[in-house]
Amino acid sequence: MLGNYSSATEFFLLGFPGSKELHHILFATFFFFYAVTIMGNMVIIITVCINKHLQSPMYFFLGHLSVLEILIISTAVPFMLQGLLLPRTQIISLTACCAQLYLYLSLGTSELALIGVMAVDRYVAVCNPLRYNIIMNSQTCLWMVIVSWVFGFLFQIWPVYATFQLTFCKSNLLDHFYCDRGQLLKLSCDDTLFMELILFLMAVFIIIGSMIPTIVSYTYIISTILKIPSASGRRKAFSTCASHFTYVVIGYGSCLFLYVKPKQTQAAEYNRVASLLVLVVTPFLNPFIFTLRNDKFIQAFQNGIERCCRLLKD
């Protein structure tokens, strides 16, 4: 317990409970997830950049999504792995905690905005195919990506600033593997009820706000697909947005599970599980969702491997 008028200047992250053996198992599991996520998303980024057949809006957005996934998982997972391998080393300063929380929330917000943008792209591709190249030109795509990135980083300035204006005098033990806002609010001696309400409304605005263009886009997409007379035509049309739709369900589901709740100070176990879904599982699934059934990407990747092999032989 800290003094009445003193505030914590650093936090000790408790991480995961359990024995040393369990920590080693968790380390191996999460290190595997982290390594596959980094490699998988890097493969997407490099393949999209070097292959001329993937120079389209869909793959341009996918490349930026992969960048966001790498950055999001890297904000917390390396520090979490350090704590699993070397117990009692997860001490983080107030400044570093603020930076970690800001980066995590900003990148997550940018990702949600980009998912909405990708839904609009799929709507134009399916519902207005003849005008697709005119509507989704390179300048429009660039501006949509810039707005997504900038919006995320600007939107989270006040919530993070307000959080770290609180006095953390109850304790400096943070029951999480990263600087989770809900657990930070638990340590505050101030009345956080009003702030929790504002944060809840802001989370609703971000998630529901980005869901609206997604829901509207897919409503029109499904309606258009059902009007296609041939079964093969319907399958081909749906295949162009099946990966994004799968990612939308997983991404929004995990975000709703973690953020859209009136009480920010949930039990630590609940927050840990929900955070793992957002921080580890979703970025891990991204490369598989967008590439495994994408014949065009697989062909481009194979061509890239063959080109590299030829260069090495020469």
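Keep in mind that the numbers below use all heavy atoms, side chains included, and drop hydrogens, waters and symmetry copies.
Checked by atom type, the side-chain pair S93/E10 shows no donor-acceptor distance below 3.5 Å. There is no side-chain donor-acceptor pair under 3.5 Å between Y247 and T282.
Ring centroid separation for the pair Y34 and F284 does not come in under the 6.0 Å cut-off. Checked against the 6.0 Å centroid threshold, H244 and Y218 count as a close aromatic pair.
Looking at every heavy atom in both residues, I70 comes nearest to I38 through CG2-CD1, 3.7 Å. What you find for Q90 and G15 is that their closest heavy atoms are OE1-CA, 4.0 Å.
With a 4.5 Å cut-off on side-chain heavy atoms, P159 and L105 do not count as touching. You'll find the side chain of L279 reaches within 4.5 Å of the side chain of I72, heavy atoms only. By the 4.5 Å heavy-atom criterion applied to side chains, F301 and T291 are not counted as neighbours.
The SG atoms of C179 and C98 lie 2.5 Å or more from each other.
Aromatic ring pairs are classed by plane angle as parallel below 30°, tilted from 30° to 60° and perpendicular above 60°; the pair F27 and F31 is parallel.
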Result block: side-chain N/O donor-acceptor pairs under 3.5 angstrom for residues 57-67, not counting sequence neighbours:
unit_1	atom_1	unit_2	atom_2	d
Y59	OH	N294	OD1	3.1
Y59	OH	N294	ND2	3.0
H64	ND1	W149	NE1	3.4
S66	OG	N41	OD1	3.2
S66	OG	L62	O	3.2

### Task
Run the numbers on Y123 and T224 for side-chain contact (heavy atoms from CB on, under 4.5 Å), then give the verdict.
CA-CA 10 Å; Y123 158 74; T224 301; over 6 Å; no
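For Q165, the CD atom is densely surrounded, since the number of other residues' heavy atoms within 6.0 Å is greater than 12. By the neighbour-count criterion of 12 heavy atoms within 6.0 Å, atom CZ of F245 is sparsely surrounded, having that number or fewer from other residues, nucleotides or ligands. Other residues, nucleotides and ligands contribute over 12 non-hydrogen atoms within 6.0 Å of the CZ atom of F153.
With T47 contributing its side chain and I44 its backbone, the two residues share no donor-acceptor pair below 3.5 Å. No donor-acceptor pair closer than 3.5 Å links the side chain of D190 to the backbone N or O of T192.
A distance of 3.5 Å separates CE in M202 from CZ in F155, rounded to the nearest 0.5 Å. Here I73 contributes atom CD1 and N286 contributes atom CG; the two are 10.5 Å apart, rounded to the nearest 0.5 Å. To the nearest 0.5 Å, atoms CZ (R122) and CD1 (I221) are separated by 7.5 Å.
Between D180 and R272 no salt bridge is recorded (no basic side-chain N to carboxylate O distance below 4.0 Å).
Residue T219 forms a side-chain contact (heavy atoms from CB on, under 4.5 Å) with just one option from I215, V216, I222, and that option is I215.
No path of Ile, Leu, Val, Met, Phe, Trp and Tyr side chains, each step under 4.5 Å between heavy atoms, connects V147 with F205, placing them in separate hydrophobic clusters. Linking Ile, Leu, Val, Met, Phe, Trp and Tyr whenever their side-chain heavy atoms come within less than 4.5 Å leaves L185 and Y161 in two separate clusters.
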